[in-house]
Structures are given as C-alpha cells and as structure tokens.
Amino acid sequence: MAVQIAMDATSVFGRDASDGSVEIAPDLAYKRESIVNVVFVGTRSSWVLVDTGVAGSASSIKGICEQRFGEASRPECIILTHGHFDHIGALLELADGWNVPVYAHVLEHPYLDGSTSYPSPDPWVGGGIMPLLSPLFPTKPVDVGSRLRALPGDHTVPGMSGWVWMHTPGHAPGHVSFWRESDRTIIAGDAFITTGQESAYEVLVQRPEMHGPPRYFTPDWNAARRSVEQLAALNPDRVITGHGPALAGAEMQRALHELARDFDTIALPRQ
Ligand SMILES: [Zn+2]
Ligand SMILES: [Zn+2]
C-alpha cells in the first residue's frame, strides 16, 4: 500500500466558476479533464493554457476557454509542464485550431518533435490504473512540428507575466513548474501531486492527499526528490498540481515539507 499524507478537506482551495473551472485567483483557474488538470492563466485580454489533458479533452477545454476568455479568443501560447500522454492528449488539436506556439523545456522536445517516445509506464509499480489508461497512450511519438519552442533562458514565461518557470526534473527529464511570488502560488505539474493516482478507486475518489510524482512514470527518483525540496523551500501558499485538487494553507505547507523531508519513505516505490 502506498504511503501518502492524508489532507484535511479544508485544505482544498478554489471557487467553482460558472465556466466549469475551479478558480484560484481572478486570473488563474484549473479544470480536471478525466484524470488530469489543465490550467488557465490570464484574463480576457491575454491568456495561456498550461497542459492539455488526455486525448478527447479538446472540445471541453475549448468550451471553458470560450466562456472564460471570449468566443473568438485564443491563447498567446500553450505551455507544457512535461510531455506525458495525459498532459498532451489534446495538444495537436488545440495548437492547430488556435494556430499558436507550444512551449516546453528543451529536454522534453525529443518527446514532442516526433523523434522519440517515453518508455512504457511500469505497470508493476503503478498497480490498477494502467489497464484503465492504456487506451489513451499515443501509438506513435507526438510531433508538434514547427510550433515547438524552448522556454526562455531567463526563466520568464511567455504570456504569463509575474510567473517564472523552474526546472523540476525527475518525473520527466524536462519537467517544469511555475511560481508566482505575488500570491505565492505554484503550478507544480506532476513534480508532486495532491491525490492518489495509482488505483482506479483513488482516481475516482480524488481524496486530497500529498504525494510524490506518479510512480508509474518516474524514472529518476533522486532528481524527483531534489525537485520537491526545491518547491517546498518556496513555502507556497497555494498549489495546483497535475492530479488532484488545488490546496492552500498551513496544512498543505506542513504536508509539502513532510513530503520533502521524508521523500524516500513517502514517495519511492517499494521495489
Ligand atoms: Zn506525468
Ligand atoms: Zn500526469
């Protein structure tokens, strides 16, 4: 049985918006598409989509964007925390439809330019969720072609003023997280997650918990530990992760520090 840090429901943060998203701030919201969160950053005058959900999510995501940002509106760009199948499912459809660039860390580019695929997830580490998800795996390497761009070397984030990107590898080589100092908010991707992701039951129930990165896909646990330490050291007030509800407050901070301190016991697979 996985070790995790159970969270009080009062740590769950956000307000249900009329467009179907959960709003964290006037210019920040997220929506769970099947098993994974997509994040909307910005206002009607300028906005960005962070991650694109599993395959089949495009029309739902577009529907929220139209309500949130206006009908003919399109983002400045799409930004990826990393290139795993559950974060790039609607990528091609959305990027082509909006005709916008796609930003990702250069170390993720081989997984996005058609040259290579991630190794298959390890079903023995993950447990019951893999058979559920396998129809969603891409059958060939994803290729976003000439839309692909590298995140700027100065750590600014295109279309996301006030945010910086941080390289938080481990779960994927070019995994990045985003940090906004003004309201001490992290968009963590899968560097750590806030619900169980390793059985169909956990995915269904979405109990708020503090977890290391999803085990079935994480190849470098030393890097993953350092990434969690780096994010915990920021002492964020609010976190939005790739899987699970947004969390805020002292209980979340305590749990994140506990995860960083006892990472090997809490996050690492037993094998
Ligand atoms: Zn992932
Ligand atoms: Zn994920």
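All ligand and atom numbering here is 1-based and tracks the order in the structure.
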Is the ring centre of [X] less than 6.0 Å from the ring centre of [Y]?
| X | Y | value |
| --- | --- | --- |
| His167 | His105 | yes |
| Phe178 | Trp165 | no |
| His87 | His175 | no |

Check your understanding: Is the shortest distance from a Lys or Arg side-chain nitrogen in Glu23 or Lys31 to a carboxylate oxygen in the other one below 4.0 Å?
Key ->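 Here Glu23 does not pair with Lys31 in a salt bridge, since their nearest N and O are not under 4.0 Å apart.
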Exercise for review: Before accepting this row, confirm whether a basic side-chain N of the pair Arg254/Glu251 lies closer than 4.0 Å to the acidic partner's carboxylate O.
Suggested key: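 A salt bridge is present here (some side-chain N lies under 4.0 Å from a carboxylate O).
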Check your understanding: Which pairs, with at least one residue in residues 176-188 and sequence neighbours excluded, count as a salt bridge (Lys or Arg N to Asp or Glu O under 4.0 Å)?
Key ->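 Only Asp27-Arg180, Arg180-Asp183, Glu181-Arg184, Asp183-Arg238 qualify under salt bridge (Lys or Arg N to Asp or Glu O under 4.0 Å).
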Check your understanding: What is the number of protein N/O/S atoms located under 2.8 Å from the Zn ion (ligand 2)?
Key ->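 Protein N, O or S neighbours of the Zn ion (ligand 2) under 2.8 Å, waters not counted, come to 4.
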